[in-house]
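Just dropping this structure here.
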Amino acid sequence: MTGRIFCRECWSPCPFAGLPAQEARAWHELVKPVSFAAHQAIFEQGEAHHGAYVLCEGLARIRMRKLNGHSLTLLIAGPGEIVGVGGFVGQQRYGVSAQALTEVHTHYLARSVCEKLVQEPSMLGSRFIFTLAGQAIRLRRQCQLLASGASVRERLAALLMELGQRCGHELASGGKQIAMKLSCELLGEMLGAHRTTVNLELIELERRKLIARMSRQIIIVDEAGLRRLTESLF
């Protein structure tokens with residue numbers, strides 16, 4: 001924890017940070033603090049939709065179970081993002097699952113609150129919708145990546161760059177460390193590839209000195225080199 005008063009104070013990158021006093025009070029009357037342990041399910045695909053969660057701290061995996069029984073990880077959501085939004089715009093059940101990858105602290109919004117934010121013009125509603133729009137762009141980009149026909153290596157390079165931008169921190173020794181543990185299984189779920197294939201591609205990226213690995217954490221050593229691998233994708 002950071003020492004901030006959880007759920008009584010919003011800070012960047014929360015989309016509801018920096019609100020005028022009246023709107024800030026209204027926001028905190030609408031939400032409830034809910035926390036999840038690492039690896040705990042936030043909600044499951046197929047469950048009756050009851051509300052959404054604004055992530056305050058931690059990382060969550062958004063997954064979809066396909067008809068063949070395999071799972072595809074659509075997004076890694078971090079602070080400032082909203083998970084569980086599909087139901088209140090027409091679905092009665094969650095169309096995806098969300099699982100905490102780390103300890104996660106959230107603001108919970110009941111379904112009725114979500115509907116109110118979308119339907120009634122307000123500063124809170126505008127920020128809510130703006131955040132959803134940004135996430136839709138990310139999801140579309142991920143779908144484009146999966147449908148591009150690019151090699152696993154190219155898709156992996158693009159994914160590592162995005163994760164580095166969203167949840168990476170600069171090291172004093174140089175390079176950027178992605179602040180989460182990335183197993184080959186998780187990366188494979190995000191790339192639509194087998195974990196053994198992902199491991200071989202990670203080894204190749206290491207050999208080229210584009211990345212380094214340490215205890216399932218990845219350090220981007222040569223960001224420009226990774227970018228060159230992705231130039232033909234978008």
Side-chain angles (χ1 to χ4, degrees), residues 4-36 41-64 72-101 104-147 158-159 162-163 165-167 190 234:
R4 300 182 180 93
I5 302 172
F6 174 59
C7 200
R8 298 310 305 170
E9 177 185 1
C10 293
W11 58 92
S12 180
C14 177
F16 302 100
L19 289 167
Q22 183 175 349
E23 283 78 6
R25 286 193 297 271
W27 169 247
H28 288 296
E29 289 174 0
L30 294 174
V31 299
K32 178 176 73 173
V34 181
S35 297
F36 300 89
I42 299 173
F43 53 81
E44 295 285 356
Q45 183 175 341
E47 286 182 353
H49 185 275
H50 53 77
Y53 301 81
V54 181
L55 271 65
C56 302
E57 295 185 25
L59 299 169
R61 167 167 55 179
I62 311 304
R63 309 170 79 183
M64 176 177 288
L72 179 65
T73 294
L74 301 173
L75 289 174
I76 302 295
E81 295 187 281
I82 304 170
V83 299
V85 295
F88 68 86
V89 292
Q91 297 173 328
Q92 295 301 312
R93 298 184 179 277
Y94 289 107
V96 295
S97 300
Q99 178 193 36
L101 287 174
V104 168
H105 302 286
T106 74
H107 286 145
Y108 171 72
L109 300 99
R111 181 185 177 110
S112 59
V113 173
C114 295
E115 291 173 343
K116 179 179 180 180
L117 288 173
V118 171
Q119 294 170 2
E120 298 181 8
S122 68
M123 181 181 293
L124 293 176
S126 296
R127 293 199 182 189
F128 187 75
I129 293 169
F130 181 80
T131 302
L132 297 186
Q135 291 178 212
I137 291 171
R138 282 188 56 221
L139 181 58
R140 183 177 62 187
R141 185 178 176 87
Q142 173 70 1
C143 293
Q144 288 175 335
L145 185 63
L146 290 171
L159 176 60
E162 181 193 347
L163 292 174
Q165 291 166 0
R166 294 185 54 249
C167 51
M190 297 190 74
F234 302 104

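Residues take their numbers from the sequence shown, with the count starting at 1. Only heavy atoms go into these numbers, but all of them, side chains included; no hydrogens, no water, no symmetry mates.
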Output yes when a side-chain donor or acceptor of Ser35 lies under 3.5 Å from a complementary backbone atom of His105, and no otherwise.
no

Any side-chain heavy-atom pair of Val54 and Trp27 under 4.5 Å:
yes

Partners of Pro20 by side chain to side chain contact (heavy atoms under 4.5 Å, CB included), sequence neighbours excluded?
Glu23, Met123

Rounded to the nearest 0.5 Å, how far does CZ of Arg93 lie from CD of Glu44?
13.0 Å

With sequence neighbours left out, the residues meeting side-chain hydrogen bond (donor to acceptor under 3.5 Å, both in side chains) with Glu162 are Arg138

For Ala60 and Ile42, which heavy atoms make the closest approach, and how far apart are they?
CB-CD1, 3.9 Å

OG1 (Thr106) and CD (Glu81) are apart, to the nearest 0.5 Å, by 13.5 Å

Carboxylate-amine/guanidinium contact Glu115 Arg111, below 4.0 Å
yes

Minimum-distance pair of heavy atoms, taken over all atoms of Val118 and Ile129:
O-CD1, 4.1 Å

Where do Leu19 and Ala24 come nearest, in terms of heavy atoms and distance?
CB-N, 3.9 Å

Distance check, rounded to the nearest 0.5 Å: Leu30 atom CG versus Phe16 atom CZ?
9.0 Å

Could you tell me which non-hydrogen atom of Met190 sits nearest to which non-hydrogen atom of Leu159, and how far apart they are?
CE-CD1, 3.7 Å

When every non-hydrogen atom of Gly78 is compared with those of Leu59, the smallest separation belongs to CA-CD2, 3.8 Å

Partner residues of Arg127 under the salt bridge (charged side-chain N to carboxylate O under 4.0 Å, His left out) criterion, sequence neighbours left out:
none

Just jot down the side chain to side chain contact (heavy atoms under 4.5 Å, CB included) partners of Ala100, sequence neighbours excluded, or say none.
Phe36, Val104

Straight-line distance of Cys114 SG to Gln119 CD, nearest 0.5 Å:
10.5 Å

Using the rule given for side chain to side chain contact (heavy atoms under 4.5 Å, CB included), can you reason through Gln45 versus Arg63, listing the C-alpha separation, both sets of side-chain angles and the distance that settles it, and then say yes or no?
CA-CA 8 Å; Gln45 183 175 341; Arg63 309 170 79 183; over 6 Å; no

What is the minimum heavy-atom distance between Val31 and Leu109, and which atoms define it?
CG1-CG, 4.0 Å

Pairing residues for Thr131 by the side-chain hydrogen bond (donor to acceptor under 3.5 Å, both in side chains) criterion, not counting sequence neighbours:
none

Without swapping roles, check the side chain of Gln135 against the backbone of Ile82 for a donor-acceptor pair under 3.5 Å.
yes

Going by ring-ring contact (aromatic ring centres under 6.0 Å, His included), name the residues that satisfy it together with Tyr108, two or more places apart in sequence or in a different chain.
His50, Tyr53

Any donor-acceptor pair under 3.5 Å from His49 side chain to Gly84 backbone:
yes

Taking the side chain as C-beta and beyond, is there a heavy-atom pair between Val96 and Leu74 under 4.5 Å?
yes

